[in-house]
Novice: 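Please see the structure below; I have some questions.
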Amino acid sequence: MVATGLQINKTENSKLSTVDFGDIPFGKTFSDHMYVAEYKDGSWGNMRIEPFGPFTVHPANIAWHYGQAIFEGMKATKHTDGTPMLFRPELHSDRINKSAERLAMPSFPKEAFMEAVYELVKLEKDWIPKQEGSALYLRPYMIAMDEFIGVQVSKTYKFVIFCCPVGPYYNKPLKLKADDSYIRAAVGGTGEAKAAGNYAGSLLPTKLAKEEGYDQIMWLDAKENHYIQEVGTMNIFFVFGNKVVTPSTDGAILKGITRKSLIQILKDKGMSIEERKISINEVMIAAKRGELTEVFGSGTAAVVANVAGIGYKGDMQKFDIDAYKVAPMLKDVINGIRSGRIEDTHNWTTRVV
Ligand SMILES: Cc1ncc(COP(=O)(O)O)c(C=O)c1O
């Protein structure tokens with residue numbers, strides 16, 4: 001299935017044999033090939049898969065200065081029968097195009113995106129770790145390429161996808177700081193886009209939180225500093241006995257694909273799941289009363305990450321992660337679907353054959 005004139009140029013120097021799949025730090029090991037496409041004169045072309053390696057960028061590249069840069073993060077896993085599988089790739093295609101729209105960048109055609117991830121994963125199938133919970137992480141991104149200083153929409157772009165074999169993102173439960181001095185995103189801003197600048201703005205507050213002994217910031221809304229948004233690179237869920245609550249996406253929160261999947265799994269299990277505004281006061285009070293039984297984050301990289309404590313205005317509430325039931329169940333189902341151990345009743349996976 002080659003609809004775009006995709007050219008495939010294979011490496012003659014595979015690095016596969018040098019990788020220790022039993023010990024892969026997140027995001028530091030890169031597979032043999034990458035996908036590249038270029039945009040000029042109003043259309044995408046020169047689509048190719050080539051050996052992974054650096055490319056030259058002009059010092060005046062407009063993306064360095066004005067930040068037209070967006071990305072995605074998605075995973076390929078192996079079915080227990082050995083078939084590579086992609087998890088909900090069409091949603092990642094849709095989301096990168098939503099991000100592109102917000103940053104006045106061109107959309108990348110869905111057929112080209114699907115072909116790119118499919119052909120790349122087919123070529124890199126031996127790079128997919130076999131252990132459940134590990135995966136080949138795919139990083140699609142788009143950057144402006146005009147060589148020009150001046151705030152304006154670039155006319156040229158590069159679209160790239162590279163791959164990293166990865167193990168679990170967080171290997172310990174998280175301590176979160178609910179921060180009321182910095183914000184991540186305001187309604188009307190770029191918070192719903194996976195824009196590089198959103199992450200740059202989060203670095204200083206996160207660094208300060210880490211100096212206080214926290215792992216991540218739990219962001220509060222920009223207007224009232226009161227309603228919970230999300231955490232680092234994860235959406236957030238709260239369990240109150242039999243009821244699960246996650247902040248409704250209000251325009252400033254990234255619409256997580258794992259979040260969407262977990263909501264569906266909870267519905268499938270007949271559990272009560274509410275998408276609504278949830279304030280930090282509600283969370284801290286319920287935690288104090290013992291009514292808040294679980295807190296966990298969701299994301300492609302982290303899958304489901306347990307939260308062991310939340311700090312807010314000097315108050316620290318801790319959670320008994322050993323008693324968690326909902327978070328481990330959700331993690332098991334997502335990982336099970338990704339490995340074929342659990343039936344994929346919603347057709348979330350695409351087999352790469
Ligand atoms: C800011 C932010 N929120 C949430 C998520 C979780 O989204 P997903 O489940 O699609 O990976 C991510 C990761 O992509 C993220 O970067």
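Order of listing sets the numbers, starting from 1, for every ligand and every atom in it. In this text, all values refer to a predicted model and were calculated from it rather than measured experimentally.
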Novice: Less than 6.0 angstrom from the centroid, inside 45 degrees of the normal: does Lys75 satisfy that with respect to the ring of Tyr137?
Specialist: no
Novice: Once the angle between the rings of Phe108 and Phe159 is folded into 0 to 90°, is it parallel (under 30°), tilted (30 to 60°) or perpendicular (over 60°)?
Specialist: parallel
Novice: Is any NZ, NE, NH1 or NH2 atom of the basic residue among Asp32 and Lys10 found under 4.0 Å from an Asp or Glu carboxylate oxygen of the other?
Specialist: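 Salt bridge flag = no for Lys10 with Asp32.
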Novice: Is Arg338 salt-bridged to Asp344, going by a charged N under 4.0 Å from an acidic O?
Specialist: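 No, this pair does not count.
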Novice: Which residue from Tyr199, Phe71, Phe87 reaches closest to atom 16 (O) of ligand 1 through any of its heavy atoms?
Specialist: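 Result: the heavy atom closest to atom 16 (O) of ligand 1 is in Tyr199.
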Novice: Under 4.0 Å from a heavy atom of Asn235: give me the atoms of ligand 1 that qualify, with their elements.
Specialist: 4 (C), 6 (C)
Novice: Would Glu212 and Lys207 pass as an ion pair if we require N to O under 4.0 Å?
Specialist: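 So Glu212 does not pair with Lys207 through a salt bridge.
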Novice: Salt bridge check, Lys288 against Asp315: does any charged N sit closer than 4.0 Å to a carboxylate O?
Specialist: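 A salt bridge is present here (some side-chain N lies under 4.0 Å from a carboxylate O).
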Novice: For atom 13 (C) of ligand 1, which candidate among Lys260, Met234, Lys194 provides the closest heavy atom?
Specialist: Lys194
Novice: What are the atoms of ligand 1, with element, lying closer than 4.0 Å to any heavy atom of Gly299?
Specialist: 6 (C), 9 (O), 11 (O)
Novice: Looking only at distances, please establish whether an N/O atom of ligand 1 is found under 3.5 Å from an N/O atom of Arg184.
Specialist: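 No; every N/O pair is 3.5 Å or more apart.
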Novice: Counting both backbone and side chain atoms, is some N or O of Arg95 under 3.5 Å from an N or O of ligand 1?
Specialist: yes
Novice: Please check whether Thr233 reaches ligand 1 - meaning an N/O of the residue sits under 3.5 Å from an N/O of the ligand, judged on distance alone.
Specialist: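 No.
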Novice: Which atoms of ligand 1 have any heavy atom of Thr300 under 4.0 Å away?
Specialist: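 The atoms of ligand 1 under 4.0 Å from a heavy atom of Thr300 are 8 (P), 9 (O), 10 (O), 11 (O).
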Novice: State plainly whether the residues Arg276 and Glu282 are in salt-bridge range, i.e. N to O under 4.0 Å.
Specialist: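 Glu282 and Arg276: salt-bridged.
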Novice: Can Glu72 and Lys194 be counted as an ion pair, charged N to O under 4.0 angstrom?
Specialist: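 Looking at Lys194 together with Glu72, the answer is no, because their closest N to O distance does not fall below 4.0 Å.
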Novice: Quick one: look up the protein heavy atom nearest atom 9 (O) of ligand 1 and list residue, atom name and how far away it is.
Specialist: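 Going by distance alone, atom 9 (O) of ligand 1 is nearest to Thr258 OG1, 2.6 Å.
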Novice: Counting from 1, what ligand 1 atoms have a heavy atom of Ile257 closer than 4.0 Å?
Specialist: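 Contacts of ligand 1 toward Ile257, numbered from 1: 8 (P), 9 (O), 10 (O).
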Novice: Would you mind checking if Lys313 and Asp180 are paired as a salt bridge, meaning a charged N to carboxylate O distance below 4.0 Å?
Specialist: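 Counted as a salt bridge, because a side-chain N and a carboxylate O are separated by less than 4.0 Å.
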Novice: Relative to the heavy atoms of Leu254, which atoms of ligand 1 are at a distance of less than 4.0 Å?
Specialist: 2 (C), 3 (N), 4 (C), 5 (C), 7 (O), 12 (C), 14 (O), 15 (C)
Novice: Please report whether ligand 1 has a polar contact with Gly232, defined as an N or O pair separated by less than 3.5 Å (distance criterion only).
Specialist: no
Novice: Please could you name the atoms of ligand 1 that Gly256 approaches to less than 4.0 Å, counting only its heavy atoms?
Specialist: 7 (O), 8 (P), 9 (O), 10 (O)
Novice: Can a salt bridge be assigned to the pair Glu132 and Lys331 using a cut-off of 4.0 Å between side-chain N and carboxylate O?
Specialist: no
Novice: Checking the N or O distance criterion of under 3.5 Å, is ligand 1 in contact with Ser298?
Specialist: no
Novice: Looking at atom 2 (C) of ligand 1, what's its closest protein heavy atom, distance included?
Specialist: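 For atom 2 (C) of ligand 1, the nearest protein heavy atom is Glu230 OE1, 3.2 Å.
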